[in-house]
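What follows is one structure encoded as structure tokens, with my remarks underneath.
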Amino acid sequence: MYKTIYTKYSNERAPRFSVMTMICQDENGKKLVRKKAASQAAGVHLEEIRRLYEELKNYYKGSGISINRCSGDDRCLELEFLEGHTYEAEVDHILLSKGPDAALEAIDKYLHMMIDDRKQIPFEESEELQQIFGEHPAFPPETMSLLLSDIDMIMANLILSGERRQTGIMGLLQKKTLIDYEWTFRFPIPIGYLKFRILHYYVERENYRQILKEKDIYGRFGITQNDRVTYLQMENVFQRYTEGEHVAVHNMYEDLTPGVCQTSIYTGRSKGHVQKGWLHLFWTNDGIHRIVDSYRTIFTDGEIQTVFPVPAGMKELRIDPGEEPCIVRIRSIRPVSRPDKKLQDRLFHHESDRHVQWKAETVIRSNGRRAGENLLVFDHHDPQIYVELSRNIEDAEGETVSGACSLEIAMEVLWLGQDVLEAVLRGADSSGELPEQNTEAVIEEQIITSKMWK
């Protein structure tokens with residue numbers, strides 16, 4: 001007997017594409033995914049997904065790419081629930097640990113894996129392309145396409161799983177499975193557009209990936225600036241196609257409001273109002289950050305104070321101090337003898353809890369900008385701080401600790417408005433560094449002189 005433990009509604013689409021996706025689990029912990037129509041008209045779309053599974057399975061046969069198993073009918077589909085991590089996470093790990101050149105090699109491998117040169121055919125215009133992707137400039141005669149085009153084969157939709165690793169730049173896990181293939185078409189679509197979507201939905205979603213633009217990631221894979229304009233226009237028309245006459249909530253904002261200004265981002269704590277943020281901790285022993293190996297909790301008034309029980313063998317801890325542009329002051333990140341009991345019970349059962357100290361300075365890096373020794377400035381919505389642990393811990397006698405310890409994390413987080421951020425960044429010196437004293441002075445000045453304060 002399966003019970004639903006998670007449901008997602010794709011109801012900001014046209015009724016014929018509106019579905020609900022459920023993760024279900026039985027009494028033994030086995031999981032599967034079910035998709036049901038969220039409107040009477042969506043049954044046809046479910047049946048099309050089932051047919052696409054069979055066609056894609058044959059198309060990728062012998063390629064090393066599996067297709068997420070699908071069965072059912074126009075009332076309900078059942079799909080395999082997959083354990084593992086995405087190719088996108090793999091590329092993130094390479095980008096952060098080995099740099100942009102290695103990440104570009106990994107992306108190149110992905111493009112060749114998913115868009116096989118041997119299966120390419122000359123592109124031809126069609127009524128279907130015009131109907132779904134709109135009018136566009138004529139494509140060059142040498143433009144190529146595929147017999148079957150899954151336009152959503154972005155790196156977040158390829159799941160890597162299994163125990164054995166292959167040799168190569170990424171050390172990919174053995175099994176590679178394509179998911180979310182509902183937007184697959186049988187008419188010719190320019191390969192350049194498929195590549196554009198793969199690159200666009202990787203680079204543009206996270207601020208720290210923007211460094212790949214400095215390496216001309218689009219040009220490297222044959223996409224010119226004019227191509228990007230054309231493909232983005234096609235993408236916008238496609239999104240409208242999926243929405244039909246339905247107006248998604250996220251498209252209403254500019255029509256409904258002249259804008260808002262959150263006064264608390266200037267004044268910090270305000271009387272009668274408690275600021276809250278999400279603290280998200282990820283731990284890893286292989287450089288891949290997975291939701292299953294993470295802990296999320298709320299912190300208030302910009303104060304982070306917790307003691308994290310570190311499991312034996314953990315090499316890195318990622319700290320996400322919220323989801324807004326901010327400045328973070330690190331007060332301490334150090335081992336202590338007493339962990340947070342609630343958090344410890346939630347995560348691990350320690351065989352020992354030894355008093356430890358740092359053998360050397362903590363190795364800390366981030367996707368923000370340093371402003372002195374203890375301040376980090378994040379001018380984007382995905383602040384991340386990385387703490388490397390593996391080689392830095394010893395006990396009181398100077399011997400390396402191989403078991404678990406506990407890590408005290410104490411930080412202050414100040415959420416900032418765009419005006420404050422811009423003023424802070426203007427304070428950078430000729431080398432691009434942000435002096436700590438200057439940064440603090442700018443923040444204080446902006447708070448006092450802001451219209452909101454007055």
Side-chain angles (χ1 to χ4, degrees), residues 93 96-97 208 277-290 293-344 346-348 350 352-378 380 382-396 398-415 433-434 436 439-440:
H93 169 56
L96 294 170
S97 62
Y208 62 86
W278 282 107
L279 171 66
H280 206 162
L281 303 176
F282 295 83
W283 56 93
T284 178
N285 60 5
D286 62 3
I288 303 296
H289 300 98
R290 305 173 178 88
D293 295 323
S294 73
Y295 175 77
R296 200 169 188 233
T297 187
I298 289 177
F299 64 95
T300 59
D301 279 342
E303 294 285 339
I304 294 175
Q305 181 77 46
T306 187
V307 181
F308 176 76
V310 177
M314 190 182 87
K315 295 182 178 179
E316 184 178 77
L317 177 68
R318 191 181 103 189
I319 305 168
D320 292 8
E323 299 172 339
E324 299 291 338
C326 60
I327 287 181
V328 174
R329 181 191 298 281
I330 300 175
R331 293 208 306 264
S332 69
I333 299 179
R334 62 185 182 86
V336 294
S337 57
R338 290 182 176 274
D340 182 311
K341 187 65 167 60
K342 181 180 178 182
L343 184 57
Q344 183 183 32
R346 158 71 171 79
L347 301 176
F348 310 108
H350 292 295
S352 63
D353 185 20
R354 305 170 67 183
H355 181 72
V356 294
Q357 61 186 8
W358 289 123
K359 181 178 180 181
E361 289 188 5
T362 313
V363 180
I364 298 177
R365 55 191 173 86
S366 75
N367 62 355
R369 299 176 65 176
R370 280 193 177 275
E373 187 174 347
N374 298 316
L375 283 183
L376 294 170
V377 179
F378 298 94
H380 52 82
D382 189 29
Q384 297 177 7
I385 300 168
Y386 297 85
V387 183
E388 296 179 21
L389 300 173
S390 58
R391 62 183 181 277
N392 290 336
I393 302 175
E394 63 178 19
D395 63 17
E399 297 181 359
T400 300
V401 174
S402 58
C405 70
S406 302
L407 194 66
E408 179 188 78
I409 301 169
M411 298 178 177
E412 297 175 10
V413 181
L414 176 64
W415 293 282
E433 295 294 318
L434 293 169
E436 184 170 359
T439 299
E440 291 184 332

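Worth saying up front: this structure is predicted, and the values here are computed from it rather than measured.
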Say whether, by atom type as modelled, one donor and one acceptor occur between the side chain of [X] and the main chain of [Y] under 3.5 angstrom.
X: Asp286; Y: Ile288; result: yes
X: Asp382; Y: Glu323; result: no
X: Asn367; Y: Gln384; result: yes
X: His93; Y: Gly287; result: yes

request  = Could you tell me which non-hydrogen atom of Pro321 sits nearest to which non-hydrogen atom of Cys326, and how far apart they are?
outcome  = O-SG, 4.4 Å
Any side-chain heavy-atom pair from [X] and [Y] closer than 4.5 angstrom?
X: Leu279; Y: Ile319; result: yes
X: Phe282; Y: Asp320; result: yes
X: Glu408; Y: Gln305; result: yes
X: Val307; Y: Ile409; result: no
X: Val328; Y: Val377; result: no
X: Leu376; Y: Ile327; result: no

query = Do Glu303 and Arg331 meet the salt-bridge criterion of a basic N to acidic O distance under 4.0 Å?
reply =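 Here Arg331 pairs with Glu303 in a salt bridge, since their nearest N and O are under 4.0 Å apart.
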side-chain contact (heavy atoms from CB on, under 4.5 Å) between Arg365 and Val387, intermediate numbers included = CA-CA 7 Å; Arg365 55 191 173 86; Val387 183; over 6 Å; no
From Arg369, Arg370, Arg329, residue fulfilling side-chain contact (heavy atoms from CB on, under 4.5 Å) relative to Leu375 =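 It is Arg329; the other options fail the test.
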query = Side chains of Thr284 and Glu316: donor-acceptor distance under 3.5 Å anywhere?
reply = no
task = Would you please say whether a donor-acceptor pair under 3.5 Å links the side chains of His289 and Ser294?
result =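 Result is no, nothing qualifies.
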Ile330 CD1 to Ile385 CD1 distance, which is reported to the nearest 0.5 Å =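 These two atoms lie 5.0 Å from each other.
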inquiry  = Is there a ring-ring contact (aromatic ring centres under 6.0 Å, His included) between Trp415 and Phe299? Walk through the geometry before answering.
reply    = CA-CA 13 Å; Trp415 293 282; Phe299 64 95; 5.7 Å; yes
ask   = What do you reckon, are the aromatic ring centroids of Trp278 and Tyr295 less than 6.0 Å apart?
value =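 No, they do not, as the ring centres are separated by 6.0 Å or more.
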